[in-house]
Amino acid sequence: MEKCQDARLDNTTTINGKTSTTTIHVPYSKSLSAGKWKAGKDLPAGRYKITTKSGSGNLFISMNDYDRYVNEILSSEDDGFGVTVVTTDIKSGDSIEISGLDSVQFTKVSNVKSNTLHAGYWTVGKDIAAGKYKITTSSPSGNLIIYREQHLLVNEILSNERDDYSVTSVTTTLKSGDRINISGLNKVNFNKK
């Protein structure tokens with residue numbers, strides 16, 4: 001199993017007789033090419049932001065948990081056809097399949113609370129604060145699914161334009177521990193009510 005460590009860069013400077021040390025932490029990052037990969041063997045388990053620098057292709061991550069499954073078109077550009085970034089937890093034993101892309105970057109990240117999320121898996125209390133929200137998107141169309149424990153709370157096709165198959169907003173109350181699955185959307189806004 002590959003060790004997953006962030007790089008640490010120390011820089012010591014002396015100005016006017018005072019010495020100071022600046023430490024910069026560079027997150028672990030690894031590129032994988034088209035093919036089939038196994039988490040825990042080819043990529044350490046962890047939370048990752050997944051991107052590509054050129055082209056578009058398919059990213060599949062089959063997971064051992066029933067509620068975590070990634071099936072996205074990953075693109076280097078926000079062209080309305082795919083997503084430019086996916087954030088998810090990858091656990092040892094998960095299968096990763098990449099097709100149509102020469103290089104996909106997996107960068108280890110921490111949970112940071114935000115009211116703007118993108119494609120991936122998120123946890124209320126870790127990635128977004130609990131509360132009542134009106135949820136919208138500037139992306140053309142994608143899926144918004146929210147679970148509370150084993151119960152489906154929200155299952156909508158969310159879009160920036162109303163049509164017969166989607167909604168332009170969802171209002172719901174999120175509680176700590178709720179799980180949010182966003183698919184096919186580059187930007188989802190959670191506006192506190």
Trainee: Output the distance between atom CG (Leu144) and atom OG (Ser159), rounded to the nearest 0.5 Å.
Mentor: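 Atom-to-atom, Leu144:CG and Ser159:OG are 12.5 Å apart.
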
Trainee: Is there a side-chain contact between Lys187 and Thr116 in this structure, where contact means two heavy atoms from C-beta onward sitting under 4.5 Å apart?
Mentor: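 When only atoms from C-beta onward are counted, Thr116 and Lys187 do touch, with a gap below 4.5 Å.
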
Trainee: Verify the cluster assignment for Leu153 and Leu117: are they in a single hydrophobic cluster under the rule of side-chain heavy atoms below 4.5 Å apart?
Mentor: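 Cluster IDs for Leu153 and Leu117 match.
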
Trainee: Mark yes or no for whether Lys30, through its side chain, and Asp42, through its backbone, hold a donor-acceptor pair below 3.5 Å.
Mentor: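 Confirmed, Lys30 side chain pairs with Asp42 backbone.
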
Trainee: Working to the nearest 0.5 angstrom, can you tell me the gap between Asn191 CG and Thr171 OG1?
Mentor: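 Here the interatomic distance stands at 9.5 Å.
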
Trainee: How long is the span from the CD1 atom in Ile180 to the CD1 atom in Ile135, to the nearest 0.5 Å?
Mentor: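 It is 6.5 Å, given to the nearest 0.5 Å.
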
Trainee: Between the side chain of Arg148 and the main-chain N/O of Leu152, is any donor-acceptor distance below 3.5 Å?
Mentor: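 Not a single qualifying donor-acceptor pair exists.
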
Trainee: Is there a side-chain contact between Ile157 and Ser141 in this structure, where contact means two heavy atoms from C-beta onward sitting under 4.5 Å apart?
Mentor: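 Yes, close enough: below the 4.5 Å cut-off.
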
Trainee: Carefully, step by step, assess Ile73 and Asn58 under the rule side chain to side chain contact (heavy atoms under 4.5 Å, CB included).
Mentor: CA-CA 5 Å; Ile73 297 172; Asn58 295 309; 3.7 Å; yes

Trainee: Would you say that more than 12 heavy atoms from the other residues, nucleotides or ligands in this model lie under 6.0 Å from the CG of Asp102, or not?
Mentor: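 It does not: Asp102 CG has 12 such atoms or fewer within range.
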
Trainee: Could you give the distance from CD1 (Ile90) to CZ (Phe106), rounded to the nearest 0.5 Å?
Mentor: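 Here the rounded value is 5.0 Å.
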
Trainee: Spell out, as yes or no, whether a donor-acceptor pair under 3.5 Å connects the side chain of Arg179 to the backbone of Trp122.
Mentor: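 The answer is no, because no donor-acceptor pair under 3.5 Å joins these two groups.
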
Trainee: At their closest point, which heavy atom of Ser29 faces which heavy atom of Thr107, and how far apart are they?
Mentor: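 Taking every non-hydrogen atom into account, OG-OG1, 3.3 Å.
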
Trainee: Report all side-chain donor-acceptor pairs from residues 77-85 shorter than 3.5 Å, counting only partners two or more places apart or in another chain.
Mentor:
from: Asp78; atom 1: OD1; to: Asn186; atom 2: ND2; distance (Å): 2.9
from: Asp79; atom 1: OD1; to: Phe81; atom 2: N; distance (Å): 2.9
from: Asp79; atom 1: OD1; to: Gly82; atom 2: N; distance (Å): 3.4
from: Thr84; atom 1: OG1; to: Asn186; atom 2: OD1; distance (Å): 3.2

Trainee: Main chain of Trp37, side chain of Glu97: is a donor-acceptor contact present, judged purely on distance under 3.5 Å?
Mentor: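 Checked: no pair found.
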
Trainee: Return all side-chain donor-acceptor pairs below 3.5 angstrom for residues 49-56, not counting sequence neighbours, or 'none' if the list is empty.
Mentor:
from: Thr52; atom 1: OG1; to: Ser54; atom 2: O; distance (Å): 3.4
from: Thr52; atom 1: OG1; to: Ser103; atom 2: O; distance (Å): 2.8

Trainee: If you define the side chain from C-beta out and look only at heavy atoms, does anything of Leu158 sit under 4.5 Å from Asn143?
Mentor: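 A side-chain contact is absent here, since even the closest heavy-atom pair is not under 4.5 Å.
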
Trainee: Could you give the distance from OH (Tyr28) to NZ (Lys108), rounded to the nearest 0.5 Å?
Mentor: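 Result: 9.5 Å between the selected atoms.
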
Trainee: Restricting to side-chain hydrogen bond (donor to acceptor under 3.5 Å, both in side chains), what partner residues turn up for Glu156, sequence neighbours left out?
Mentor: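 So Glu156 forms no side-chain hydrogen bond (donor to acceptor under 3.5 Å, both in side chains) with any residue.
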
Trainee: Between the side chains of Thr172 and Lys132, is a donor N or O closer than 3.5 angstrom to an acceptor N or O?
Mentor: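 Checked: Thr172/Lys132 side chains show no N/O donor-acceptor pair below 3.5 Å.
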
Trainee: Charged N to carboxylate O below 4.0 Å: is that the case for Lys126 and Asp89?
Mentor: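 No, no charged N to carboxylate O under 4.0 Å.
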
Trainee: Using side-chain heavy atoms (C-beta onward) and a distance below 4.5 Å, is Val70 in contact with Tyr121?
Mentor: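 The answer is yes, as the side chains (C-beta and beyond) meet within the 4.5 Å cut-off.
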
Trainee: Is any side-chain heavy atom of Thr88 closer than 4.5 Å to a side-chain heavy atom of Glu72?
Mentor: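 No - every pair of side-chain heavy atoms lies 4.5 Å or more apart.
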
Trainee: Does one hydrophobic cluster hold both Val154 and Val188, with members joined at side-chain heavy-atom distances below 4.5 Å?
Mentor: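 Yes, one cluster joins them.
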
Trainee: Do Ile128 and Val86 belong together in a cluster built from hydrophobic side chains that touch within less than 4.5 Å?
Mentor: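 Shared cluster, no.
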
Trainee: How close do Ala130 and Lys192 get, counting heavy atoms only, and between which atoms?
Mentor: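 Here Ala130 and Lys192 meet closest at O-NZ, 3.2 Å.
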
Trainee: When you compare the side chain of Asn115 with that of Tyr133, does any pair of heavy atoms fall below 4.5 Å?
Mentor: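 Side chain of Tyr133 against side chain of Asn115, heavy atoms only: contact under 4.5 Å found.
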
Trainee: Within this structure, what is the CG-OG distance for the pair Asp178 and Ser176, rounded to the nearest 0.5 Å?
Mentor: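 Atom-to-atom, Asp178:CG and Ser176:OG are 8.0 Å apart.
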
Trainee: If we only count heavy atoms from C-beta on, is the Val124 to Lys175 side-chain gap below 4.5 Å?
Mentor: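 Side chain of Val124 against side chain of Lys175, heavy atoms only: no contact under 4.5 Å found.
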
Trainee: Under the 3.5 angstrom rule, does the side chain of Thr168 hit a backbone N or O of Asn160 as a donor-acceptor pair?
Mentor: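 Not confirmed, Thr168 side chain does not pair with Asn160 backbone.
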
Trainee: Please say yes or no: joined through hydrophobic side-chain contacts below 4.5 Å, possibly via intermediate residues, are Tyr48 and Leu74 part of one cluster?
Mentor: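 Yes.
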
Trainee: Taking the side chain as every heavy atom from C-beta outward, state whether Thr123 and Asn111 have any atom pair closer than 4.5 Å.
Mentor: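 A side-chain contact under 4.5 Å is absent here.
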
Trainee: Closest approach of Ser95 and Lys38, non-hydrogen atoms and distance?
Mentor: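 Heavy atoms only, the tightest pair is OG-NZ, 3.1 Å.
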
Trainee: Between Asn71 and Phe60, what is the shortest heavy-atom contact and its length?
Mentor: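 Closest heavy-atom pair between Asn71 and Phe60: OD1-CE2, 2.8 Å.
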
